[in-house]
Every structure is written in C-alpha cells, then in structure tokens.
Chemist: 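Structure provided below as structure tokens; questions to follow.
Below, read A as the first sequence line, B as the second, and so on, with proteins coming before strands; counting in each chain starts at 1. Everything quoted here is computed from the prediction, not taken from an experiment.
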Protein chains: 2
Amino acid sequence: MSEFNNVTVVKAANVYFDGKVTSRTVKFESGEAKTLGIMMPGDYEFGTEKKELMEILQGEVDVQVKGAEGFTRYEGGQSFEVPANSSFKINALGVVDYCCSYID
Amino acid sequence: MSEFNNVTVVKAANVYFDGKVTSRTVKFESGEAKTLGIMMPGDYEFGTEKKELMEILQGEVDVQVKGAEGFTRYEGGQSFEVPANSSFKINALGVVDYCCSYID
C-alpha cells in the first residue's frame, strides 16, 4: 500500500534526538495510529508503550530489541516488532525512511 | 488547523540533500497538495513549478526568493510565498518543521 487514504494527519512533526529522528502521526478511522518517520544516520534508543511494528521503507538499520542477544540488520521492505512496554536500540546506517504501526 | 482530516498521505518520504530535507506528501479531496517537511540545519536552494506557500511551523529560516535583494528571516507561525517557475534560497538556522502548499 503506497498511500494511506481517508486518514487524519497531525500537522506538527514529532521531533526526537535534536531532529535526527522526526515523524508525522497518521490516524485511521479505525482508531489505529501510525507514524511515518525519518532517521538521520546515528544510534538511537526508544521505549515502547504499545506493541510496535516497525517497517523499514528505505535504508538500513541494525536493531536490538530489549532482551535480544545481538543486533539484527533490516533493510527497505523488511520489518520487525517490538513488544509493548519494552525498548529497542536502532542504529541507522544511512538515512532511513520508516513506518511505525502502534498495535493495541 | 492542527490536523488535516480526510486526506491521503503518500507513504514514502520525499528526500532531498542527502536527507537533510525530507517531506511527506498530503493530498486533499479538492485536488490540492501540501508537503509536511523537516529541514536539518543548513543552506538549501529549491526551484518551484507551482506557486508555493511555505509556512514555518517551528524553527527559524533566512529566505531569499529569486530576485529579492537580501534574505528575510521567518520563524514558527510565519509564512512566505514563492512564485511559480522561480526559486528560493533557504537557510535553516536549526531544525525546521514546515508545511508547503502548492497553489494552482
């Protein structure tokens, strides 16, 4: 699905890590929310509240979900899940375009 | 208007200047299009096809529209227009969140 139809977009960006990670929130009629984001190259760590499905649209990342032994590489077209109330380390190896779905 | 309702969002980001400027395209039922974007600090130049209304949501920029004598500063809450088939130089003094409307 290359477009999201009939959605609401929050105008203001979400800004993390001095703007090195930014995203826009997209809300669906179903109540579901996703963010469409960009990571500049760098190493980041995020906490989760809901379960997250992180889809890498473009670029490469090394990811370590809390409790995992090492990092796993994901690239454009691949995705990974992070449990609710957890955290993950993500190293962006270049500019990364991503879509994050928040799952109840 | 803090949200855009009943719109279509293109999933893939628009990426310029090695990711230092990125945006998402939002399409309205009226046929109008806007982009919601982020500029990392730096100096950029863009060409226009349609007339553009650039609204600075957050941050500060110095802007010189083609033909203008010097640069003018704009900050969050302010906006400027660029004619069709023209260009503008924009220096982002920090992380900039913007909304660009393309006007027929």
Side-chain angles (χ1 to χ4, degrees), chain A residues 1-42 44 53-61 75-79 90-102, chain B residues 1-42 44 53-61 75-79 90-102:
Chain A
M1 180 174 25
S2 64
E3 296 183 340
F4 296 130
N5 298 302
N6 200 23
V7 296
T8 292
V9 179
V10 179
K11 202 170 172 185
N14 310 304
V15 178
Y16 309 98
F17 298 103
D18 296 325
K20 292 186 74 181
V21 181
T22 58
S23 70
R24 306 278 169 182
T25 301
V26 180
K27 299 190 281 191
F28 294 74
E29 278 192 310
S30 62
E32 191 192 0
K34 297 180 192 284
T35 52
L36 288 167
I38 294 286
M39 294 184 188
M40 299 300 286
Y44 311 103
L53 170 64
M54 277 284 289
E55 181 184 357
I56 305 302
L57 302 177
Q58 193 79 40
E60 276 190 324
V61 293
E75 59 182 30
Q78 298 185 314
S79 59
I90 183 164
N91 302 341
L93 306 180
V95 177
V96 172
D97 187 9
Y98 72 87
C99 178
C100 182
S101 301
Y102 301 89
Chain B
M1 184 172 26
S2 64
E3 296 184 341
F4 297 130
N5 297 302
N6 200 24
V7 295
T8 292
V9 180
V10 179
K11 201 170 172 183
N14 310 305
V15 178
Y16 309 98
F17 298 104
D18 297 325
K20 292 186 75 181
V21 181
T22 58
S23 70
R24 307 278 168 181
T25 301
V26 180
K27 300 190 282 190
F28 294 74
E29 277 192 309
S30 62
E32 191 193 359
K34 297 180 192 285
T35 51
L36 288 167
I38 294 285
M39 295 184 187
M40 299 299 284
Y44 312 103
L53 170 65
M54 277 284 287
E55 182 185 358
I56 305 302
L57 303 176
Q58 192 80 42
E60 276 190 324
V61 294
E75 59 183 29
Q78 298 184 316
S79 58
I90 183 164
N91 303 341
L93 306 181
V95 176
V96 172
D97 186 10
Y98 71 88
C99 178
C100 182
S101 301
Y102 302 90

Chemist: Side chains of K27(B) and N5(A): closer than 4.5 Å at any heavy-atom pair?
Modeler: no
Chemist: May I ask you to name which of V15(A), V26(A), L57(A), V96(A) has the most heavy-atom pairs under 4.5 Å with chain B?
Modeler: L57(A)
Chemist: Answer yes or no: is there a side-chain heavy-atom contact under 4.5 Å between N6(A) and T8(B)?
Modeler: no
Chemist: For the CD atom on Q58(B), are there more than 12 heavy atoms of other groups (residues, nucleotides or ligands in this structure) within a distance under 6.0 Å?
Modeler: no
Chemist: Listing request: all salt bridge (charged side-chain N to carboxylate O under 4.0 Å, His left out) pairs with a residue in residues 11-20 of chain B, at least two apart in sequence or in separate chains.
Modeler: E55(A)-K11(B)
Chemist: Is it the side chain or the backbone of T22(B) that comes within 4.5 Å of chain A heavy atoms, both, or neither?
Modeler: side chain
Chemist: Kindly give the heavy-atom pair with the smallest separation between I38(A) and A13(B), and that separation in Å.
Modeler: CD1-CB, 3.7 Å
Chemist: Sub-4.5 Å heavy-atom contacts with chain B: which residues of residues 28-36 of chain A show up?
Modeler: L36(A)
